[in-house]
Each structure stands twice: as C-alpha cells, then as structure tokens.
Amino acid sequence: MKIAIVGANGVYGRHLTPRLVAAGHDVRALVRRPEAGAILRACGAELRQADIYDAPSLEAGLAGIDLCINVATAVPGGPSGRGSPAANDRLRREGVPLLIEACRKAGVPRLLQQGICWVGAAGEALADESHRFEAVGDGPGMASIRAAQAMEEAVSASDLDWLILRGALFYGPGTGAEDGWFAQAKAGELVLPGDGSDFATFVHIADMAAATAAAVARWPSRQALIVADDTPVRWRDLFGYVAALVEAEAPRTGGPVRLPGFRMSNVRARETLGWAPRYPDYRSGLAR
C-alpha cells in the first residue's frame with residue numbers, strides 16, 4: 001500500500017515510519033522541513049516537502065496515495081517550530097478540514113487521523129469510546145478538547161473512509177516526557193497537578209505506533225478507538241514512583257492543572273486491532 005504520513009518528523013511519525021516500511025508499505029513522509037528527516041529517509045521513506053496550510057504542496061504530496069495518516073501536531077517544543085496550545089488547536093480545527101479537502105482532490109480514499117482520548121474525559125469513571133465529554137467554560141484543557149471534538153466531527157462527516165485513533169498521553173523515547181519528570185525529581189522540582197488525585201491515561205509511544213500499524217493492517221472502517229495502556233494512574237502515584245526511582249523527595253502538591261481527570265479503557269482497541277500494549281503500565285514503561 002502507498003501511505004503518506006503528514007507530520008512524519010514528529011515523535012509519533014518517527015516511531016511509526018519504520019514499522020510501516022517493515023510491513024512492506026511504500027511510505028511517503030510529508031514534512032515541512034525535509035532537512036530534519038534523515039531518520040525517515042534512513043528507514044526507507046520517501047521525503048516530500050508539504051504544509052497542511054499550503055494546498056498545492058499538500059495535494060502534490062498526496063498524489064497516488066492509498067492512505068493518508070495525519071500525525072501532525074503543533075505542541076510546544078515539537079519539531080514544527082510553531083508549537084503552542086493555540087497553534088495545536090488551530091491545526092485541529094482548520095488544518096484537518098484542509099487535509100480532508102486535499103485528500104479528496106488528490107483521490108486519496110482513506111484517512112487515519114490521530115486524536116486524543118481525553119475528548120471523553122470522565123474523571124473517576126472508567127470511560128470508553130461511547131463517552132463524550134461536555135467541554136464547557138474555560139477550565140483546564142477545555143479549548144483543546146473542543147478543538148479535538150471539532151476535528152473528529154470534520155473527519156467523521158467526510159466522505160472518506162476514515163479511522164480515528166484517540167491516543168493517550170505519550171511517553172517513551174523521543175517524547176521528552178519522562179526525561180523532564182526525572183530531571184525535575186532529582187532537582188526537587190517535581191510538582192503534582194493540584195493535589196495529584198486526578199486520573200490520567202498514558203500510552204508508550206512504541207505501543208501507539210504498533211497499534212497504528214495494526215490498524216492499517218486490519219482497517220476497522222469508520223471507528224474511533226482509544227489507544228492507551230491497561231492502567232490509568234493518579235498523578236500522585238505516577239510522580240511518586242518517578243521520585244522513588246531516583247531516590248528523591250516525594251513531589252509537592254499545588255502545581256497547575258492542565259487537563260481534566262481522564263480514566264480511559266483500551267478494551268475496544270485490543271479486541272478490534274488484535275493489539276495489546278507491550279508496556280501495560282507506567283512501571284514497565286519507565287523501567288530503568
């Protein structure tokens with residue numbers, strides 16, 4: 001299959017590309033900065049310069065493609081060089097509809113879209129894909145949830161053969177997540193969001209890439225699936241474990257709360273994709 005990955009320079013794309021190439025697919029990496037794509041080229045991907053906001057470059061990059069996988073983000077510190085919460089929200093609200101239109105014009109029949117599992121944030125309750133969170137007001141994470149919900153609505157309303165993978169919070173090689181946690185813990189600067197009692201749900205980046213490769217192989221058409229590990233965790237337990245690993249003091253409470261609590265189930269993805277996380281919980285994923 002001929003597959004184009006939009007935003008392939010990001011950590012998700014860098015983990016996904018070699019898996020798709022190894023599975024025998026012809027992979028085209030669509031990136032804004034080809035000069036930063038050495039790892040993609042080394043994996044056997046073809047590099048093309050394209051920007052999600054530049055229709056001609058996007059349509060040219062999608063020519064002859066069977067499946068488009070969109071993993072483009074604009075998170076702070078990411079490879080796009082334009083990362084911020086507002087830029088990431090814009091990418092979801094405005095960029096994805098532009099990509100859908102480019103797929104139509106280029107004759108691409110299928111779109112696999114990266115989503116976020118906390119569009120169904122449910123606090124203490126274990127939630128699945130059927131739960132929709134009402135993101136009202138200006139509380140932590142509300143703008144990002146509304147933007148992700150708008151993105152999903154645009155994808156599901158399109159005439160493409162679509163699939164949405166709602167990833168949990170990433171950690172693992174290249175994400176920088178645990179590097180930051182361990183550094184802060186050693187410096188005595190690791191702080192819990194609020195009192196640390198909220199749930200969060202994580203997925204190791206290697207497991208996210210493996211689930212995506214499985215989705216390409218099985219293609220459960222027109223579904224949204226949560227890709228997460230088996231063990232949602234309270235922030236106080238996660239950060240307490242991080243501190244213990246480096247023999248640091250327990251983290252303090254009172255840090256900023258950036259997301260609502262979310263405790264998500266991966267059962268449907270496991271059953272539908274024939275996939276299971278290699279790292280079922282944060283302890284196995286953070287082994288040192």
Side-chain angles (χ1 to χ4, degrees), residues 1-14 16-17 20-21 25-41 43 45-116 119 143-144 146-167 212 215-216 219 221-222 224:
M1 187 186 304
K2 293 183 178 179
I3 300 174
I5 305 177
V6 179
N9 266 352
V11 63
Y12 186 178
R14 297 196 304 272
L16 176 59
T17 297
L20 295 179
V21 172
H25 299 293
D26 183 355
V27 178
R28 184 181 299 168
L30 303 186
V31 298
R32 290 178 63 242
R33 296 172 53 241
E35 67 275 11
I39 188 172
L40 303 172
R41 191 179 291 108
C43 289
E46 173 194 5
L47 261 67
R48 293 277 191 94
Q49 186 168 15
D51 190 311
I52 202 167
Y53 296 114
D54 178 37
S57 70
L58 198 56
E59 291 166 26
L62 291 171
I65 291 297
D66 303 308
L67 165 64
C68 174
I69 300 178
N70 183 26
V71 298
T73 60
V75 294
S80 70
R82 57 185 177 190
S84 71
N88 207 40
D89 292 347
R90 179 183 175 231
L91 191 62
R92 289 170 176 155
R93 287 186 178 277
E94 301 178 21
V96 169
L98 293 172
L99 176 60
I100 291 170
E101 183 60 22
C103 285
R104 287 198 194 101
K105 290 183 176 179
V108 179
R110 289 183 173 181
L111 172 64
L112 193 159
Q113 174 64 49
Q114 175 189 0
I116 56 174
V119 296
S144 70
R146 287 193 291 269
Q149 289 172 341
M151 174 191 71
E152 289 202 2
E153 289 165 4
V155 171
S156 61
S158 77
D159 55 4
L160 301 177
D161 186 5
W162 56 268
L163 178 63
I164 298 170
L165 296 184
R166 295 175 176 171
T212 307
V216 170
W219 197 255
S221 180
R222 294 180 174 271

Open item on the list: Determine whether Leu111 and Leu99 satisfy the following criterion, side-chain contact (heavy atoms from CB on, under 4.5 Å), listing intermediate values before the conclusion.
Closed with: CA-CA 9 Å; Leu111 172 64; Leu99 176 60; 4.1 Å; yes

Task: Met151 vs Asn70, side-chain contact (heavy atoms from CB on, under 4.5 Å): CA-CA, chis, key distance, verdict - done: CA-CA 12 Å; Met151 174 191 71; Asn70 183 26; 5.9 Å; no

Task: Student check: side-chain heavy atoms of Cys68 and Val6 closer than 4.5 Å - done: yes

Task: Set of residues satisfying side chain to side chain donor-acceptor pair (under 3.5 Å) with respect to Gln114, sequence neighbours excluded - done: none

Task: Heavy-atom closest pair, residues Trp219 and Trp162 - done: CZ2-C, 4.0 Å

TODO: First locate atom CG of Leu40, then atom CG of Leu47, and finally report the distance between them rounded to the nearest 0.5 Å.
DONE: 5.5 Å

- [ ] Evaluate the side-chain proximity of Leu112 to Ile3: yes if any heavy-atom separation is below 4.5 Å, no if none is.
- [x] no

- [ ] Ignoring hydrogens and angles, tell me if any N or O in the side chain of Asn9 forms a donor-acceptor pair with the backbone of Arg33 under 3.5 Å.
- [x] yes

Task: Listed once per pair and sorted, the salt bridge (charged side-chain N to carboxylate O under 4.0 Å, His left out) pairs that draw on residues 106-115, sequence neighbours left out - done: Arg110-Asp161

TODO: For Arg222, check side chain to side chain donor-acceptor pair (under 3.5 Å) against everything at least two apart and list the hits.
DONE: none

Open item on the list: Test of understanding: with side-chain contact (heavy atoms from CB on, under 4.5 Å), list the residues that count as partners of Ala154, not counting sequence neighbours.
Closed with: Pro97, Ile100

Task: Partners meeting salt bridge (Lys or Arg N to Asp or Glu O under 4.0 Å) with Arg28 (sequence neighbours left out) - done: Glu46

Task: With sequence neighbours excluded, residues passing side chain to side chain donor-acceptor pair (under 3.5 Å) with Thr212 - done: Tyr12

Open item on the list: Measuring from atom CE of Met1 to atom CG of Leu20, what distance do you get when rounded to the nearest 0.5 angstrom?
Closed with: 9.5 Å

Review item, side-chain donor-acceptor pairs of residues 55-67, under 3.5 Å, at least two apart:
residue, atom, partner, partner atom, Å
Ser57, OG, Asp51, N, 3.1
Ser57, OG, Asp54, O, 2.9
Ser57, OG, Asp54, OD2, 2.8
Asp66, OD2, Lys2, N, 2.8

Open item on the list: Run the side-chain contact (heavy atoms from CB on, under 4.5 Å) test against Pro85 and tell me which residues pass, sequence neighbours left out.
Closed with: Pro76

Open item on the list: Which heavy atom of Ala215 sits nearest to which heavy atom of Leu163, and what is that distance?
Closed with: CB-CD2, 3.6 Å

- [ ] Mind checking the CZ-CD1 spacing from Arg48 to Ile5? Nearest 0.5 Å is all I need.
- [x] 14.0 Å

- [ ] Locate the shortest heavy-atom distance separating Ser144 from Asp89; write the atom from each residue and the value.
- [x] CA-OD1, 3.4 Å

- [ ] Starting at CD1 of Ile164, measure out to CD of Glu152 and round the result to the nearest 0.5 Å.
- [x] 4.0 Å

Open item on the list: Tell me whether Ser158 contacts the main-chain N or O of Val155 through its side chain, where contact means a donor paired with an acceptor under 3.5 Å.
Closed with: yes

Task: Interatomic spacing from OG1 in Thr17 to NE2 in His25 - rounded to 0.5 Å - done: 12.0 Å

Open item on the list: Run the side chain to side chain donor-acceptor pair (under 3.5 Å) test against Arg146 and tell me which residues pass, sequence neighbours left out.
Closed with: none

Task: Any residue meeting side-chain contact (heavy atoms from CB on, under 4.5 Å) with Glu94, in chain and number order, not counting sequence neighbours - done: Tyr53, Arg90

TODO: For Leu160 and Cys103, work out which heavy atoms get closest and say how close.
DONE: CD1-CB, 3.9 Å

Task: Spacing of CD belonging to Gln113 relative to CZ belonging to Arg166, to within rounding of 0.5 Å - done: 12.0 Å

